[in-house]
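Shown next, in structure tokens, is the structure this report addresses.
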Amino acid sequence: MAVTAGAKKLDARALRADFPIFEQLIHGKPLAYLDSANSSQKPRQVIDAMTEFYETSYANVHRAVHVLGERATAGLEGAREKVRAFLNAPDVNEVIFVRNATEALNLVAYSWADHNLGPGDAVVVTELDHHSNFVPWQYMARRNGAEFVMLPLDEHDEVDLSGLDAIARDYTVKLVAANLVSNSLGTIADLAPLTRWAHEQGAIFVCDAAQAAPHTQVDVQALDCDFLAISGHKMCGPSGIGVLWGRGELLRAMEPFLLGGHMIHSVTFEKTTWGALPHKFEAGTSPIAEAFGLGVAIDYLETVGLDAIEAHEHELVAYALGRLGEVPGIALYGPPAERRAGIVSFNLEGIHPHDVAQILDQHGVAIRAGHHCCQPLMRHLGVPATNRASFYLYTVPEEIDQLADGLYAVHKVFA
Ligand SMILES: Cc1ncc(COP(=O)(O)O)c(C=O)c1O
């Protein structure tokens with residue numbers, strides 16, 4: 001694949017040429033796209049490959065014997081193998097295509113948690129988690145009479161594990177869920193102690209890697225998790241495609257999530273039996289071109305190099321913390337640069353984040369303002385919302401300068 005990049009250290013300026021979105025001005029200014037944690041931009045390689053797929057190889061999959069059906073099936077299944085290798089999963093049939101990370105987590109909630117929780121059991125999440133890795137567990141715990149437990153954050157905004165013994169004493173812990181990278185603070189978690197503890201309790205561990213997979217090497221075997229969720233749109237792939245990886249023995253024992261075509265083995269009036277993995281969890285027509293596009297995005301990320309991407313983001317975060325730290329009245333949230341992916345949340349004293357984001361937009365700077373689907377975290381921080389600038393492999397320091405200059409302009413508006 002032709003990627004405009006050097007092998008070791010990433011050349012973001014050169015990579016930018018792969019992303020057509022940057023070929024425009026926004027409000028007459030160069031685009032500083034600092035909202036990649038929300039959704040990443042797409043390289044021409046992915047856009048062109050998907051267009052070509054639609055133009056030459058599109059048909060429905062698994063059910064046609066004609067040439068196009070075979071090409072489309074090869075495209076989908078080729079992508080599944082790329083995801084397997086990307087996550088270092090042991091078996092390609094453990095890779096389930098879904099719409100996004102949210103659907104992946106809901107699949108586990110409905111097909112595992114809803115059948116395995118009861119009174120006396122506990123589901124454990126953290127205060128740092130995205131609503132997608134919080135609400136499904138809260139709902140399933142309450143619906144099944146189980147306890148919903150949230151590990152709080154300490155004064156350094158790190159997950160406080162000091163209460164684990166008490167939780168284990170009081171409940172049978174069945175499921176522990178946590179993110180690998182926080183979408184609000186960018187914190188890269190060391191999940192090993194929590195995963196170990198979960199397994200000591202006989203619980204399963206669900207890893208939300210929606211923010212991790214775009215930025216760092218994710219290895220389901222090294223993580224020793226039981227389920228892991230990612231979203232294609234955050235990692236240079238199209239929207240409408242996500243992945244649930246799960247341990248084969250768990251997936252095989254689970255009830256299906258969605259019912260209908262494609263997920264069955266046989267159907268009679270009396271009885272329906274389920275198909276083998278992964279089809280049991282892929283009811284209906286698959287997101288065919290989207291899965292294919294995700295495979296191309298994985299090729300792209302691997303050609304650039306996940307290590308190079310991670311190092312680039314650490315550099316950008318260090319630069320951003322320095323530049324933004326000079327802005328009067330700014331509060332910066334989260335850990336030091338070396339402990340986080342390319343995400344910086346902040347507030348300007350006395351100015352609502354939505355006002356900040358709106359004024360920045362006039363300067364060509366796209367950031368996100370809001371609670372970032374992390375209302376429990378916002379409560380911990382004592383704010384209703386934050387501004388969030390997030391970086392990716394195509395982010396250059398000039399965009400951070402544009403952000404910092406924009407913040408001085410915000411101050412002028414409110415002076
Ligand atoms: C950490 C984290 N988990 C889960 C999600 C949900 O991803 P999606 O909206 O693609 O389902 C997001 C999206 O922002 C996220 O940042």
Side-chain angles (χ1 to χ4, degrees), residues 33-42 83 87 96-110 125-139 150-151 153 157 159 176-189 191 194 205-216 218 223 225 227-245 257-258 281 287 290-291 293-294 297-298 313 333-335 339-345 366-378 380 385-392:
Y33 185 75
L34 303 179
D35 199 18
S36 293
N38 202 354
S39 201
S40 76
Q41 294 300 341
K42 321 301 172 199
V83 173
L87 299 176
I96 315 289
F97 284 128
V98 291
R99 277 187 306 139
N100 48 41
T102 303
E103 186 173 307
L105 295 161
N106 273 272
L107 193 163
V108 182
Y110 277 91
V125 302
T126 87
E127 201 169 14
L128 195 52
D129 272 284
H130 188 282
H131 294 165
S132 292
N133 197 31
F134 191 104
V135 179
W137 313 127
Q138 181 187 50
Y139 177 71
M150 181 181 80
L151 300 176
L153 297 180
D157 304 332
V159 178
V176 180
N179 66 51
L180 185 50
V181 169
S182 151
N183 63 304
S184 280
L185 301 184
T187 316
I188 302 171
L191 291 179
L194 201 52
F205 189 87
V206 181
C207 179
D208 173 4
Q211 289 295 344
H215 307 293
T216 184
V218 169
L223 284 167
C225 55
F227 293 100
L228 182 133
I230 62 174
S231 268
H233 69 93
K234 292 187 193 288
M235 44 192 285
C236 293
S239 54
I241 183 75
V243 172
L244 173 71
W245 171 82
F257 174 41
L258 299 172
F281 292 108
E290 289 82 357
L294 174 59
I298 286 174
E313 291 188 17
Y333 307 103
R339 294 249 355 265
R340 60 163 118 190
I343 292 173
V344 175
S345 272
I367 63 159
R368 181 161 177 205
H371 54 64
H372 315 296
C373 300
C374 285
Q375 286 183 343
L377 170 65
M378 294 299 126
H380 166 81
T386 71
N387 300 284
R388 181 187 69 184
S390 51
F391 319 134
Y392 207 10

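Just so it is clear, the model here is predicted, and its values are computed rather than measured. One-based numbering, in listed order, for ligands and for the atoms of each. The chain is numbered in sequence order, starting from 1.
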May I ask you to check if ligand 1 and [X] share an N or O to N or O distance below 3.5 Å?
X	answer
N38	no
S231	yes
N179	no

Under 3.5 Å: donor-acceptor pair, side chain of [X], backbone of [Y]:
X	Y	value
T386	R388	no
K42	H233	yes
N133	L105	no

(request) Using a strict 4.0 Å cut-off to heavy atoms of T102, name the atoms of ligand 1 that fall inside it. (result) 6 (C), 7 (O), 8 (P), 9 (O), 11 (O)

(request) State the atoms of ligand 1, each with its element, that fall below the 4.0 Å cut-off from a heavy-atom position in S132. (result)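 Selected atoms, number and element: 4 (C), 6 (C).
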
(request) Starting from atom 15 (C) of ligand 1, find the nearest protein heavy-atom neighbour and note its residue, name and distance. (result) H130 CD2, 3.3 Å

(request) Please write down residue, atom name and distance for the protein heavy atom closest to atom 3 (N) of ligand 1. (result)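 Checked against all protein heavy atoms, atom 3 (N) of ligand 1 sits closest to D208 OD2, 2.5 Å.
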
(message) Just to check, does H233 reach to within less than 4.0 Å of ligand 1 when the distance is taken from its heavy atoms?
(response) yes

Would you name the heavy atoms of [X] and [Y] that are closest together and state the gap between them?
X	Y	result
A178	F205	CB-CZ, 4.0 Å
W137	A177	NE1-CB, 3.4 Å
I241	F97	CD1-CD2, 3.5 Å

(message) Once you measure the plane-to-plane angle for Y139 and Y110, does it fall in the parallel (<30°), tilted (30-60°) or perpendicular (>60°) bin?
(response) tilted

(request) Tell me which one of Q211, R368, K234 gets a heavy atom nearest to atom 14 (O) of ligand 1. (result) K234

